[in-house]
Amino acid sequence: MPEMPEVETIRRSIAARVTGRRIEAVEVRRPKFVEPHAPEEFTDLVVGRRIAEVDRRGKYLILRLAEARSRPAGEVVIHLKMAGRLLVCRSGEVLEPTLQKHTHVVFRLEGGEELRHIDLRHFGRVSYVPGARDHLGYAAHPKLRGLAELGPEPLSPDFTVEYLKAGLARRKTRIKPLLLDQSFVAGLGNIYADESLHRARIHPERRANDLKPREVQALHEAIQTVIAEAIAHRGTTIATYVDGEGKRGDFAAMLLVYGRGGEECFSCGTPIKRVILGGRSTHFCPRCQKLPGAKKPAAPTKKLARTIVRGQQKVV
DNA sequence: AAGGGCCCCTGAAAGC
DNA sequence: TGCTTTCAGGGGCCCT
């Protein structure tokens, strides 16, 4: 479910509530989630320790555990995958039955609150890694290889136009699946990949090494803009996403193509196309995002008579 | 080395 | 109405 803007929103929403708190108890209700550790093992590693910081890399959320006497630093790394939530609750608070049923790991904190990992689809993971920011540690953990190999954060200084240009030049795969590759850029998921390509006016099936310098520039800007705006709007809630306090995100109202198959493009009125690429649903405007060499799609049947205001874009 | 297919799960929505 | 099918925002693994 959550992509980088949603995970960042969750991070911000829980940081003030859990930073500096001691973990008094841990309840692992489904052992699978903390593998390869056994539940008792995981609990022993974490209980009694203080959360020094809540961090994020890509779609991974990281609870940094403070170093203490006889206990080296360590990290609890959480991946929410498609349907996961992290909720701060009052101790003992009873949620709706579906959420109760799929609550898998509970961290009981000093002060009477709990951090709960909830996942309706059981795809997520809660991992323990010794050390801090230790890429070798991540690489050695069977569930965290992806974290060890993560590409640059889209809003970090590392993610330059030059990086993108050089990376694209080396790949001949289609651009959309490449944007979902977390070792290439960290944090983009299906929604923001489609939205970025639309804003950059690039067809999702274009070959990466085929993009013109101007297009690479536009894509770089689009990725940064979309991600920054999505964070500003506290993420995209389509069905179930909520932050650490149960609040929905507002960015769904700003989506230009994602989930709009068959509806009119806000720029030109052409119906948005929905296709499957690399096994993922992909949305684009066949007129605004042309494939070179392809026939021009038919002009929209009717001119847009009204002014459409959508997010920050205003199109006549 | 890189790309495609399949799989992990459950619930909601669409289809019949 | 109710049963069945399809689909979902992620990503790891295996195969070619």
Side-chain angles (χ1 to χ4, degrees), chain A residues 1-10 29-33 35-36 56-61 77-86 96-104 117-127 138-139 141-151 167-197 204-205 207-209 226-227 230-231 233-243 248-252 254-255 257-262 274-283:
Chain A
M1 173 218 288
E3 305 179 34
M4 185 272 242
E6 289 74 36
V7 179
E8 175 61 18
T9 302
I10 292 172
R29 300 192 190 166
R30 281 189 182 72
K32 185 179 101 171
F33 283 82
E35 282 174 2
R56 178 193 59 72
R57 266 291 276 141
K59 303 173 193 171
Y60 294 85
L61 211 107
V77 180
I78 301 167
H79 199 302
L80 300 171
K81 292 291 179 87
M82 285 172 80
R85 308 183 186 205
L86 265 187
E96 57 182 275
T98 319
L99 299 182
Q100 286 291 136
K101 181 175 154 196
H102 297 292
T103 299
H104 309 304
H117 171 60
I118 299 167
D119 185 354
L120 290 294
R121 287 177 68 182
H122 298 208
F123 283 174
R125 288 291 177 265
V126 179
S127 309
Y138 299 149
H141 192 294
K143 306 294 179 187
L144 296 180
R145 300 224 182 94
L147 176 54
E149 290 164 16
L150 223 45
L168 294 176
R170 276 188 279 110
R171 309 284 218 103
K172 55 186 179 188
T173 183
R174 292 167 301 188
I175 185 66
K176 159 75 188 271
L178 181 57
L179 291 183
L180 296 180
D181 179 346
Q182 302 298 298
S183 68
F184 185 67
V185 195
L188 290 184
N190 214 25
I191 296 176
Y192 300 115
D194 282 3
E195 292 295 316
S196 297
L197 287 170
E205 292 182 78
R207 297 286 155 180
N209 60 4
V226 167
I227 292 291
I231 293 173
H233 285 268
R234 308 177 50 84
T236 300
T237 298
I238 290 174
T240 61
Y241 162 74
V242 290
D243 71 9
R248 300 163 57 88
D250 294 331
F251 197 72
M254 307 293 169
L255 299 178
V257 287
Y258 186 84
R260 299 194 61 243
R274 179 181 182 276
V275 298
I276 302 296
L277 267 194
R280 317 303 279 247
S281 68
T282 298
H283 312 73

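Letters A, B, ... are given to chains in the order of the sequence lines, protein chains preceding strands, and every chain is numbered from 1.
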Check your understanding: Base, sugar-phosphate alone, or nothing: which one does A:Thr236 contact when heavy atoms must sit under 4.0 Å apart?
Key -> base
Review point. Whole-Å distance between B:dC8 C1' and A:Asp119 CG?
Key: 11 Å
Point to revise | Nearest-Å distance for atom pair CZ/C1', residues A:Arg171 and B:dG4 | key: 14 Å
Point to revise | Under 3.5 Å: donor-acceptor pair, side chain of A:Gln182, backbone of A:Gly151 | key: no
**Study point:** Atom pair distance, as rounded to whole Å: CZ in A:Arg125 and P in B:dC7
**Key:** 17 Å
Review point. Side-chain contact, heavy-atom cut-off 4.5 Å: A:Pro204 with A:Arg174?
Key: no
Exercise for review: Would you indicate, yes or no, if B:dA2 has its OP1 or OP2 atom less than 4.0 angstrom from a side-chain nitrogen or oxygen of A:Thr173?
Suggested key: no
Exercise for review: Would you kindly give the OH-to-C1' distance between A:Tyr241 and C:dA8, to the nearest whole Å?
Suggested key: 17 Å
**Study point:** Separation between the P atoms of C:dT6 and B:dC6, rounded to whole Å
**Key:** 15 Å
Exercise for review: Quick one: closest heavy-atom pair of A:Arg274 and A:Ser281, and the distance?
Suggested key: NH2-CB, 3.3 Å
Exercise for review: Determine whether the side chains of A:Asp119 and A:His104 contain a donor N or O and an acceptor N or O closer than 3.5 Å.
Suggested key: no
Practice item. Starting from the C-alpha separation in whole Å, work towards a yes-or-no answer on side chain to side chain donor-acceptor pair (under 3.5 Å) for A:Lys176 and A:Thr282. Key: CA-CA 8 Å; A:Lys176 159 75 188 271; A:Thr282 298; 2.9 Å; yes
Review point. In the 5'-to-3' direction, what one-character label does each nucleotide of nucleotides 9-14 of chain B receive under the scheme B = base within less than 4.0 Å of a protein heavy atom, S = sugar-phosphate only, - = no such atom?
Key: BBS---
Review point. B:dA12 and C:dG11: how far apart are their C1' atoms, nearest whole angstrom?
Key: 22 Å
Review point. So does A:Tyr192 get a side-chain nitrogen or oxygen closer than 4.0 Å to the phosphate oxygens (OP1/OP2) of C:dG9?
Key: no
Check your understanding: Dot-bracket for DNA chain C: what is it, with Watson-Crick or G-U pairs under 3.5 Å, [ ] where a pair crosses earlier ones, and | for a pair to another strand?
Key -> .|||||||.|||||||
Review point. What is the distance from NZ of A:Lys172 to P of B:dG4, rounded to the nearest Å?
Key: 11 Å
Practice item. Answer yes or no: is there a side-chain heavy-atom contact under 4.5 Å between A:Leu80 and A:His117? Key: yes
**Study point:** Full working for side chain to side chain donor-acceptor pair (under 3.5 Å) between A:Thr236 and A:Tyr192
**Key:** CA-CA 10 Å; A:Thr236 300; A:Tyr192 300 115; 2.6 Å; yes
Check your understanding: Using the C1' atom in both, what is the distance from C:dG12 to B:dG11, to the nearest Å?
Key -> 23 Å
Practice item. May I have the distance from A:Leu277 (atom CG) to B:dG4 (atom P), rounded to whole angstrom? Key: 9 Å
Review point. Among the nucleotides B:dG3, C:dG10, C:dA8, which one has an atom lying closest to any side-chain atom of A:Asn190?
Key: C:dG10
Would you tabulate the pairs of protein nitrogen or oxygen atoms and nucleotide nitrogen or oxygen atoms of nucleotides 11-14 of chain C closer than 3.5 angstrom?
from	atom 1	to	atom 2	distance (Å)
C:dG11	OP1	A:His79	NE2	2.8
C:dG11	OP2	A:Lys59	NZ	2.6
C:dG11	N7	A:Arg280	NH1	3.0
C:dG12	OP1	A:Tyr60	OH	3.4

Review point. Which part of the nucleic acid, if any, lies within reach of A:Arg174 when heavy atoms closer than 4.0 Å are counted: base, sugar-phosphate only, or nothing?
Key: sugar-phosphate
Practice item. Please examine the side chains of A:Leu150 and A:Tyr138, heavy atoms only from C-beta on, and report whether any two atoms are closer than 4.5 Å. Key: no
Point to revise | P spacing across the pair B:dC9 / C:dT4, given as an integer number of angstrom | key: 22 Å
Practice item. Check the distance between B:dA2's C1' and A:Ile175's CD1 and give it to me in whole angstrom. Key: 15 Å
Point to revise | Nearest-Å distance for atom pair OH/C1', residues A:Tyr258 and C:dG9 | key: 5 Å
Check your understanding: Do A:Asp194 side-chain atoms and A:Val257 backbone N/O form a donor-acceptor pair below 3.5 Å?
Key -> no
Practice item. Apply side-chain contact (heavy atoms from CB on, under 4.5 Å) to A:Phe251 and A:Ile191, showing your working. Key: CA-CA 11 Å; A:Phe251 197 72; A:Ile191 296 176; 5.7 Å; no
Review point. Is a donor on one side and an acceptor on the other found under 3.5 Å between the side chain of A:Tyr241 and the backbone of A:Gly235?
Key: no
Exercise for review: Could you tell me whether a side-chain N or O of A:Arg260 sits under 3.5 Å from a main-chain N or O of A:Gly262, the two making a donor and an acceptor?
Suggested key: no
